[in-house]
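The figures that follow rest on heavy atoms only: side chains count, while hydrogens, waters and symmetry mates do not.
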Amino acid sequence: MRKETIYTLKNLYRDDMNLYGYHFGKGEKSACIVGACRGNEVQQLYICSQLIRQLKELEERGAIIKGNEIMVIPTVNTASLNVGKRFWPTDDSDINRMYPGDGSGETTKRIAAGIFDAVKEYSYGIQFTSFYIPGNFVPHVRMMDTGFQNPSLANLFGLPYVVVRDAKPFDKATLNYNWQLKNTSAFSIYTSGTDQIDEPSARMAVASVLRFLTRMGMVRYTSHSGYIATVLHESDLSSVRTDCAGIYRPHVKPGEEVSRGEILADILDPYEGEIISQILAPTEGIVFFSHSQPFVTEGGIIFKIIRRLHE
């Protein structure tokens, strides 16, 4: 293992912010794995730390196949992690909306430029990231429809689902999108948990990356074959919204099957404790995402359900 400082942000009043890349093997730039972009992505940081531990052991056993270099960047935003703030502490900007960056621009654009310069030449890019709504997913691989995506490669992770989504204007400033423009096959992996560690899904995520690296001929690692993934488009997901604000009490979890009309959650009056609304399933299917915070606002998305084909 070789630890390298891939970017340093100078600081007038505190220590400089150093971002590190952990290199395994030597040769072509084969795969790059990036973790926490945001300060609450504890799960994503943890997953990368466990990958680094595993890859270090594999390298010591000679299990990194000759001619391949793999790099892991556990986080690109230590400043926000240190203060527990999701976005950049001074201006609330999101580093994952700043790519490919600008070396002479604002702070987060400079960070993005430094990171992108270090990762843009890898053949495969894997990012552990989180959703804009707080909640938990069924673990899956997500790809943007840029014309460069390859769902068949995403199947090699052996996760239950692969989701393809249409790229929106703000997506063009993400790491995943810009990786693809540089001919990197890019994948975003979502797991259960963001600001808390979810050990079972973290283990699944680590195994999925090692499975992918094995199937692409970069490492020798023995694991079970995983899932034969179901490929979905975002249009296959039905969003369930609240009709009022209050305390949120879910009845179902990601991965559970639900029937049309089934009660998914209660919303309680925060002062009197009475149920003021019951959220019903609009379709038959499988819960793909569920909101995780105790409070909800009116009109907020609290579930996403994979609709049955006959619906």
Side-chain angles (χ1 to χ4, degrees), residues 3-23 31-53 71-120 122 125-135 137 142 144 170-179 184 186-198 201-202 205-206 209 292-293:
K3 181 180 178 181
E4 174 195 16
T5 302
I6 59 172
Y7 184 75
T8 297
L9 179 67
K10 296 293 183 182
N11 197 319
L12 291 175
Y13 306 109
R14 302 183 64 183
D15 291 341
D16 295 341
M17 186 181 83
N18 293 314
L19 302 176
Y20 300 106
Y22 293 79
H23 298 264
C32 178
I33 299 103
V34 177
C37 269
R38 296 150 181 149
N40 69 329
E41 292 181 344
V42 177
Q43 170 84 338
Q44 290 70 25
L45 175 68
Y46 176 70
I47 291 168
C48 283
S49 75
Q50 297 307 295
L51 263 174
I52 289 169
R53 182 180 62 82
M71 180 169 68
V72 182
I73 303 173
T75 178
V76 303
N77 193 351
T78 55
S80 293
L81 281 166
N82 285 340
V83 297
K85 198 170 185 294
R86 181 167 169 82
F87 299 126
W88 189 250
T90 55
D91 64 3
D92 270 342
S93 58
D94 184 353
I95 293 175
N96 202 36
R97 296 292 184 271
M98 296 294 168
Y99 290 99
D102 180 353
S104 58
E106 297 178 3
T107 303
T108 45
K109 287 190 175 182
R110 297 202 308 271
I111 295 169
I115 295 300
F116 196 62
D117 188 57
V119 308
K120 65 185 179 182
Y122 283 83
I126 301 165
Q127 183 181 12
F128 287 100
T129 187
S130 62
F131 203 46
Y132 70 97
I133 302 171
F137 279 100
R142 187 170 289 231
M144 277 183 277
F170 64 80
D171 288 320
K172 295 181 179 180
T174 63
L175 174 58
N176 186 300
Y177 187 91
N178 282 275
W179 248 338
T184 295
F187 311 92
S188 296
I189 297 182
Y190 289 77
T191 71
S192 296
T194 297
D195 52 5
Q196 299 289 328
I197 292 171
D198 184 272
S201 66
V206 170
V209 172
S292 62
Q293 298 300 306

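- With sequence neighbours excluded, no residue forms a ring-ring contact (aromatic ring centres under 6.0 Å, His included) with F128.
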Verdict with reasoning, E106 to S93, per side-chain hydrogen bond (donor to acceptor under 3.5 Å, both in side chains): CA-CA 10 Å; E106 297 178 3; S93 58; 5.9 Å; no
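- Applying the ring-ring contact (aromatic ring centres under 6.0 Å, His included) rule to F137 yields the partners F131, H140, Y190, F288, F289; only residues at least two apart in sequence or on another chain are considered.
- The CG atom of N40 sits 11.5 Å away from atom CG of L45, with the distance rounded to the nearest 0.5 Å.
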Take Q196 and S292 through the test side-chain hydrogen bond (donor to acceptor under 3.5 Å, both in side chains) and record every step on the way to the result. CA-CA 11 Å; Q196 299 289 328; S292 62; over 6 Å; no
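- Taking the side-chain hydrogen bond (donor to acceptor under 3.5 Å, both in side chains) definition, one finds that Q44 meets it with nothing, sequence neighbours left out.
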Check step by step if side-chain hydrogen bond (donor to acceptor under 3.5 Å, both in side chains) holds for N18 and T8. CA-CA 5 Å; N18 293 314; T8 297; 2.7 Å; yes
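- Atoms CG and OG1, on D102 and T108 in that order, are 10.5 Å from each other to the nearest 0.5 Å.
- Other residues, nucleotides and ligands contribute more than 12 heavy atoms inside 6.0 Å of the NZ atom of K85.
- Checking S201 against Q43 by side-chain atom types alone, a donor-acceptor pair falls below 3.5 Å.
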For a side-chain hydrogen bond (donor to acceptor under 3.5 Å, both in side chains) check, start with the C-alpha distance between S130 and R86, then their side-chain angles and the critical distance, and finish with the verdict. CA-CA 11 Å; S130 62; R86 181 167 169 82; 3.1 Å; yes
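- Remark: E41 engages R38 in a salt bridge, criterion side-chain N to carboxylate O under 4.0 Å.
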For the pair T129 and R142, evaluate side chain to side chain contact (heavy atoms under 4.5 Å, CB included) and give the outcome as yes or no after the intermediate values. CA-CA 10 Å; T129 187; R142 187 170 289 231; over 6 Å; no
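- The CZ atom of F116 sits 5.0 Å away from the CG atom of N178 when rounded to the nearest 0.5 Å.
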When you look at I6 and I115, which way does the side chain to side chain contact (heavy atoms under 4.5 Å, CB included) test go after all the steps? CA-CA 7 Å; I6 59 172; I115 295 300; 3.8 Å; yes
